[in-house]
There are 2 protein chains.
Amino acid sequence: MAPTESPGFYFNLATMRPIVIGFGLLILCMLVLFKIGEVNFVEGNVRLEVIVAIAAFIFFFIGLYFNYQSQRKISNQKDVANPSEIIDYEQIKKIGLTQREHDVLVKMADGLSNQEIAQQLFLSESTVKTHVSNILFKLDAKRRTQAIQSAKKLKILA
Amino acid sequence: MAPTESPGFYFNLATMRPIVIGFGLLILCMLVLFKIGEVNFVEGNVRLEVIVAIAAFIFFFIGLYFNYQSQRKISNQKDVANPSEIIDYEQIKKIGLTQREHDVLVKMADGLSNQEIAQQLFLSESTVKTHVSNILFKLDAKRRTQAIQSAKKLKILA
DNA sequence: ATGTATTTCCTACTTTAGGATGAGCCTAAA
DNA sequence: TTTAGGCTCATCCTAAAGTAGGAAATACAT
């Protein structure tokens, strides 16, 4: 983040699909619930505040996640104004690492297993393995530990 | 877990406190408003769906904004402190790592496999495995990557 | 519009890592 | 001389990592 020029939101369908679908389903479920429970609400058996509070909570976190996804994309755009930035985004492009691969690389360096990375990035373990393999190839590493070491030397990891 | 340097969800008390407080206040305000306007809702003059939908959208964007704010704070914190990369031998003793274990840890951080470490230190792979297991236990890590990450934070690795 | 690159996911397979346990050897301290 | 800690090595087993190859949808640029 922190690019001085406002980058705007970057959405691509592949990564946003689950979010959009989830968002839509949530609204649908909500509407269905309302239809079903309409009488109850009119009779005042269910506290309106509770419903709204729950909805607020859910959508609050959806908003968090939504923004997180877009931030992830934005962070790819290099930050010229902030020289203290440790990561060399030019180097990343030079090596040919994609955005998603770099995401995985960061998680790898945090010491996460493929499964944990999959959970945190909302991917299958298969996908993570694919990314890891590509990372190892592009960084000319035989193991993830070696890839992390190389990446830090190349300043594509903090 | 809470990898502090990685992008994504970053929750610590310091950065989240204003968010939590703000969120709580908003819900409080909402509840108060409901108390005030309770009669209208019971009478069914206002569509419940509309209210909830509006609440959902509001909180959705609040979520967006809060995440945006927290992200900004993270990127500001990044340029704090990139201290010297000196090995803290006191820390090593404190944790209980032996000399040989530290040797292996260093090789691990270089991205070597157990077999390669064995060759470089003139050991059998079995011995290296034993050392690695002890290292993982003493550093409270599940994987070697995690051990490396922890070790660097504890300054027992350059 | 079309071709290239990205992202996602899969199956099947091999290799490496890691856990649990035991044991022999050496050294320094009690 | 026991004892304790450290170093070495082993086996057996499970879990995780990594390879190879394919496939489908999307993204992006020309």
Side-chain angles (χ1 to χ4, degrees), chain A residues 8-22 69-70 72-77 92-150, chain B residues 92-93 95-150:
Chain A
F9 294 109
Y10 176 97
F11 297 142
N12 80 40
L13 248 176
T15 53
M16 296 304 282
R17 197 198 301 118
I19 302 170
V20 174
I21 290 174
Q69 287 293 336
S70 61
R72 194 174 60 68
K73 297 295 176 183
I74 293 166
S75 68
N76 186 32
Q77 299 171 10
I92 295 176
K93 286 181 184 173
K94 200 171 162 186
I95 293 166
L97 273 189
T98 67
Q99 172 62 43
R100 208 52 166 163
E101 283 160 4
H102 187 259
D103 291 345
V104 173
L105 178 58
V106 169
K107 297 292 183 186
M108 262 170 58
D110 283 336
L112 302 184
S113 69
N114 290 337
Q115 199 175 9
E116 287 169 341
I117 296 171
Q119 285 169 1
Q120 289 198 12
L121 297 182
F122 305 99
L123 297 174
S124 78
E125 196 187 336
S126 302
T127 306
V128 175
K129 279 188 173 188
T130 303
H131 287 316
V132 171
S133 275
N134 292 332
I135 292 167
L136 296 184
F137 176 75
K138 289 177 182 177
L139 288 177
D140 194 26
K142 289 175 185 168
R143 284 162 293 281
R144 52 171 54 206
T145 47
Q146 203 176 0
I148 293 166
Q149 164 77 353
S150 300
Chain B
I92 295 175
K93 286 181 186 172
I95 292 165
L97 274 190
T98 67
Q99 176 61 47
R100 207 54 166 162
E101 283 161 2
H102 188 259
D103 292 344
V104 173
L105 178 58
V106 170
K107 297 293 182 184
M108 264 170 56
D110 282 338
L112 302 183
S113 68
N114 289 337
Q115 199 174 10
E116 287 169 341
I117 295 171
Q119 285 168 2
Q120 289 198 13
L121 297 182
F122 304 101
L123 296 174
S124 78
E125 196 186 336
S126 302
T127 307
V128 175
K129 280 187 172 188
T130 304
H131 286 317
V132 170
S133 278
N134 292 333
I135 292 168
L136 295 184
F137 175 75
K138 289 177 181 175
L139 288 177
D140 194 26
K142 289 175 186 167
R143 284 163 292 282
R144 51 172 53 208
T145 48
Q146 203 177 2
I148 294 165
Q149 163 78 354
S150 300

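Letters A, B, ... mirror the listed sequences (proteins, then strands); counts begin at 1. On a predicted model such as this, the values are computed, not experimentally measured, just so you know.
You'll find the side chain of B:I148 stays beyond 4.5 Å of the side chain of A:I148, heavy atoms only. Residues A:H131 and A:L123 are in side-chain contact: their nearest non-hydrogen atoms beyond the backbone lie under 4.5 Å apart. Annotation: side chain of A:E116 is in contact with side chain of B:R143 (closest heavy-atom distance under 4.5 Å).
A residue-by-residue look at B:F122 and A:A141 shows that B:F122 has its nearest nucleotide of DNA chain D further toward the 5' end. A residue-by-residue look at B:E125 and B:T145 shows that B:E125 has its nearest nucleotide of DNA chain D further toward the 5' end.
Within the 4.0 angstrom heavy-atom criterion, base atoms lie near B:T127. Within the nucleic acid shown, B:S124 comes within 4.0 Å of sugar-phosphate atoms alone, with no base atom in reach, counting heavy atoms only. Counting any heavy atom pair closer than 4.0 Å across all strands shown, A:S133 reaches a base atom.
Rounded to whole Å, atom C1' of D:dA17 lies 13 Å from atom NZ of B:K129. The interatomic distance linking A:Q115 (CD) with D:dG18 (C1') rounds to 16 Å, in whole Å. Atom CD1 in A:I135 sits roughly 14 Å away from atom C1' in C:dT6 (whole-Å rounding). The nearest whole Å value for the distance from the NE2 atom in B:H131 to the P atom in C:dA17 is 15 Å. Between the CD atom of B:Q146 and the P atom of C:dA17 there is a distance of 17 Å, given to the nearest Å. Taking atom CG of A:D103 as the reference point, atom C1' of C:dT8 lies 14 Å away to the nearest angstrom. Counting to the nearest Å, the C1' atom of D:dC7 and the CD atom of B:Q99 are 12 Å from each other. A:L136 places its CG atom 11 Å from the P atom of D:dA20, with the value rounded to the nearest Å.
Taking the side chain of A:L123 as heavy atoms from C-beta on, and the options C:dT8, C:dA17, D:dT8, the nearest nucleotide is C:dT8. Here the nucleotide nearest the side chain of A:S113, chosen from D:dC9, C:dG18, D:dA16, is D:dA16. Looking at the side chain of A:R100, the nearest of the listed nucleotides C:dT8, D:dA17, D:dT8 is C:dT8.
Neither OP1 nor OP2 of D:dC9 sits under 4.0 Å from any side-chain N or O of B:S126. Between C:dT16 and B:N114, no contact under 4.0 Å exists linking OP1 or OP2 to a side-chain N or O. Taking side-chain N and O atoms only, B:R144 has a distance below 4.0 Å to OP1 or OP2 of C:dG18. An OP1 or OP2 oxygen of C:dT7 is reached within less than 4.0 angstrom by a side-chain nitrogen or oxygen of A:T98.
If you take OG1 on A:T98 and CG on A:N134, they are separated by 7.5 Å, rounding to the nearest 0.5 Å.
Contact annotation: side chain of A:T130 to base of C:dC9, donor-acceptor pair present below 3.5 Å.
We find that A:R100 and A:D103 are joined by a salt bridge, their nearest charged nitrogen and carboxylate oxygen being less than 4.0 Å apart.
Side-chain contact check for A:R144 and A:N114: at least one donor-acceptor pair (N or O, by modelled atom type) lies under 3.5 Å.
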